[in-house]
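Order of the sequence lines fixes the chain letters, A, B, ..., with proteins taken first and strands second; residue numbering starts at 1 for each chain.
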Number of protein chains: 2
Amino acid sequence: MGRQHAERVDLAVSTVIFALRPSPDSDLMTLWLPLVRRIREPYEGRWALPGGWLSPEHDLETAARATLGRTTGLTPRYLEQLYAFGTLDRSADDTRVVSIVYWALVHADEAAQAIDSDNVEWFAVDDLPELAFDHRTIVDYAVWRLRTKMEYSRIAHGFLGETFTLAQLRQVHEAVRGCSFDPANFRRQILATGSLVDTGEHLTGTSHRPPRLYRYDTAVQPADHGPLTPSKEQA
Amino acid sequence: MGRQHAERVDLAVSTVIFALRPSPDSDLMTLWLPLVRRIREPYEGRWALPGGWLSPEHDLETAARATLGRTTGLTPRYLEQLYAFGTLDRSADDTRVVSIVYWALVHADEAAQAIDSDNVEWFAVDDLPELAFDHRTIVDYAVWRLRTKMEYSRIAHGFLGETFTLAQLRQVHEAVRGCSFDPANFRRQILATGSLVDTGEHLTGTSHRPPRLYRYDTAVQPADHGPLTPSKEQA
DNA sequence: CCCCTTCTGGTCATGTCAACCTGAACCCGG
DNA sequence: CCGGGTTCAGGTTGACATGACCAGAAGGGG
């Protein structure tokens, strides 16, 4: 059962971090994610997902959180395991690496003040550079999961602040799903889920009728993980 | 970035294998899965999921397939990665193990002639013994995934043969979902998806009107994996 | 030959959802 | 101070999907 070859399997944990930022050309909100420039071979100079080796004293999720804090200085509003990638050819040299990848949502205005250090840069998901390893596949899968989960779950929460208007929430859905929704129908559907709480306050300062401010019902879980509760694998 | 402690992280691959068998007390079909008895500490004598250490020359999915063949002698009709479990306390001794778990569906009548060797035994998911490690949590999660996926995907395929009647397909859904469906409505919904092909043949020998035999449309994928095609991570 | 079973197709009431319409409420320019 | 512009907020309508139910068709068994 032990390892027969001299080589071994290395375990890495990477994270796909999503934030919502205004597009440079249009004023619409689009998806962005931070990448780090590789300073070592293989793929030196290429952009890659933030991550690191898994040390024995760290939990998988803890490692993903640490990576997130190291590269962006932020704490995620949502964090979930994406997939474990482990094909033989994904490392390009003769090492064998299995990457357990997480995906996270961070606050939009927090992401604006995030650190933009030398080797970390934010990219729009529609305009990514060439990535190292199989990271392009990973990002595509993460975007697909985000889009799919947005349809049936309430993870839009992760992009917004404590209180928000229905228009803001709708803009998040439109940015991620990539299509526009009827404001009236969107209101009816969202309110029908019972996951929103009316704060009674209104957002003022707009040049039109002041919209109501809502808050998420904290009693409802943001996403259905089945028997696995988030942030805890209830071992 | 390297491992700081003397201990390391070991990587295991386990598989939750599902088959449909008639219940011993009732004649209804129920979910069963094979477990292996541990012959070593920790948890010696307890039942556990089939699995093994990941060797550097094996793909993750290949390892899962190998485990499946070793314990049941079967090839899966469906195989998908479930989750990577990696909390610190899941090994009960001072080793650190990360388990990448797959789940699989095998043929019902093939499972009947499957090997029932000394240390391998099939159990009904509703009547499981105490399991080793956190394997009970893993099984619960796998059952939840199977039930959830059955609602929107066409993985019932994995339990059936090449051709089948609508009643057989309905029985699979009823066994997994745990409720009964109206035959007429079930027919309408399934046929509306366009994933079934009428073979033109009928099943004879029954004591009632002979039902039509259908076949799955091979052009349609059994499940939506997004950018990740099954059996291939398109690295 | 009648009866029982299941298959197969159909109807009907209900609920859901997208498209559309209308009044409400606020800011701003004149 | 007042009317126009804009968005919010709620209601209506028609198309479509869903679930409960019904009835004829087609076999085998007593």
Side-chain angles (χ1 to χ4, degrees), chain A residues 22 26-29 147-148 150-154 156 160-161 163-217, chain B residues 22 26-29 147-148 150-154 156 160-161 163-217:
Chain A
S26 74
D27 54 349
L28 289 169
M29 300 291 272
R147 293 220 163 100
T148 315
M150 188 78 77
E151 295 180 15
Y152 66 91
S153 192
R154 331 173 337 182
L160 294 170
T163 62
F164 48 87
T165 69
L166 286 180
Q168 290 171 341
L169 182 62
R170 183 167 47 85
Q171 279 168 17
V172 171
H173 276 85
E174 289 174 346
V176 174
R177 304 272 304 276
C179 57
S180 59
F181 298 97
D182 180 69
N185 293 333
F186 182 80
R187 146 186 306 275
R188 181 158 30 86
Q189 288 177 157
I190 283 290
L191 293 182
T193 64
S195 56
L196 290 191
V197 179
D198 190 348
T199 63
E201 302 173 13
H202 292 258
L203 181 65
T204 57
T206 60
S207 70
H208 52 78
R209 175 172 173 178
R212 273 183 182 158
L213 283 171
Y214 290 88
R215 170 179 292 119
Y216 265 103
D217 188 355
Chain B
S26 75
D27 54 350
L28 290 169
M29 300 291 271
R147 294 220 162 101
T148 317
M150 188 78 76
E151 295 180 14
Y152 66 91
S153 192
R154 333 173 337 180
L160 293 170
T163 62
F164 47 86
T165 68
L166 286 180
Q168 290 171 340
L169 183 63
R170 183 167 47 85
Q171 279 168 17
V172 171
H173 276 85
E174 289 174 344
V176 174
R177 305 270 306 274
C179 56
S180 58
F181 298 99
D182 180 69
N185 293 332
F186 182 80
R187 148 186 305 273
R188 178 158 34 91
Q189 289 177 152
I190 282 290
L191 292 182
T193 64
S195 56
L196 290 192
V197 178
D198 190 348
T199 63
E201 302 173 13
H202 292 258
L203 181 66
T204 55
T206 60
S207 70
H208 54 78
R209 175 172 174 178
R212 272 184 182 155
L213 283 172
Y214 290 88
R215 170 180 293 118
Y216 266 104
D217 187 356

Side chain of B:Pro183, heavy atoms from C-beta onward: which of D:dA9, C:dT8, C:dC27 has the nearest atom to it? C:dT8
With sequence neighbours left out, what residues match A:Ser195 under side-chain hydrogen bond (donor to acceptor under 3.5 Å, both in side chains)? A:Thr193
How long is the line joining CG of A:Leu203 and P of D:dC8, in whole Å? 10 Å
Sequence neighbours left out, what passes side-chain contact (heavy atoms from CB on, under 4.5 Å) with B:Leu28? Give chain and number order. B:Ser26
5'-most by nearest nucleotide on DNA chain C - B:Pro211 or A:Thr204: B:Pro211
Report yes if at least one side-chain N or O of A:Arg187 is closer than 4.0 Å to OP1 or OP2 of D:dG10; otherwise report no. yes
When you measure from the side-chain N and O atoms of A:Gln189 to the phosphate of C:dT16, is any distance below 4.0 Å, counting only OP1 and OP2? no
Please enumerate all residues that pass ring pair (Phe, Tyr, Trp, His ring centres under 6.0 Å) together with B:Phe164, with sequence neighbours excluded. B:Tyr216
Length of the CZ-C1' vector between A:Phe186 and D:dG10, whole Å: 17 Å
Once salt bridge (charged side-chain N to carboxylate O under 4.0 Å, His left out) is applied, do any residues pair with A:Arg212, and if so which ones, sequence neighbours excluded? A:Asp198
Does anything in residues 164-179 of chain B reach DNA chain C, meaning a heavy atom under 4.0 Å, and if so which residues? B:Ala167, B:Arg170
Taking NE2 from B:His202 and P from C:dC7, how many angstroms apart are they, rounded to a whole number? 13 Å
Rounded distance (Å) that lies between atom P of C:dG10 and atom CG of B:Leu191: 12 Å
Shortest non-hydrogen separation from B:Met150 to B:Ala156 and the atoms involved: SD-CB, 3.7 Å
Separation of D:dT18 atom C1' from B:Phe181 atom CZ, nearest Å, is 13 Å
Among all residues two or more places apart in sequence or in another chain, which pass the side-chain contact (heavy atoms from CB on, under 4.5 Å) test with A:Glu201? A:Thr199, A:Leu213
Are any protein N/O atoms closer than 3.5 Å to N/O atoms in nucleotides 21-25 of chain D? If there are, list each pair with its distance.
residue, atom, partner, partner atom, Å
D:dC21, N4, B:Asp182, OD2, 3.4
D:dG24, N2, B:Arg209, NH1, 3.0
D:dA25, N3, B:Arg209, NH1, 3.1

Can a side chain N or O of A:Arg212 be found less than 4.0 Å away from OP1 or OP2 on D:dT7? no
Measure from CG on B:Leu196 to P on C:dT8 and round the result to the nearest Å. 12 Å
By salt bridge (charged side-chain N to carboxylate O under 4.0 Å, His left out), A:Arg209 pairs with (sequence neighbours left out) none
In whole angstrom, give the distance that lies between atom CD of B:Glu201 and atom P of D:dA26. 19 Å
Donor-acceptor contacts under 3.5 Å from residues 171-181 of chain B side chains, at least two apart:
residue, atom, partner, partner atom, Å
B:His173, ND1, B:Leu169, O, 3.1
B:Glu174, OE2, B:Arg170, NH1, 3.2
B:Glu174, OE2, B:Phe181, N, 3.0

Interatomic distance, A:Ile190 CD1 vs D:dA9 C1' [rounded to whole Å]: 16 Å
The single option from A:Arg187, A:Gln189, A:Arg188 passing side-chain hydrogen bond (donor to acceptor under 3.5 Å, both in side chains) against A:Asn185: A:Arg188
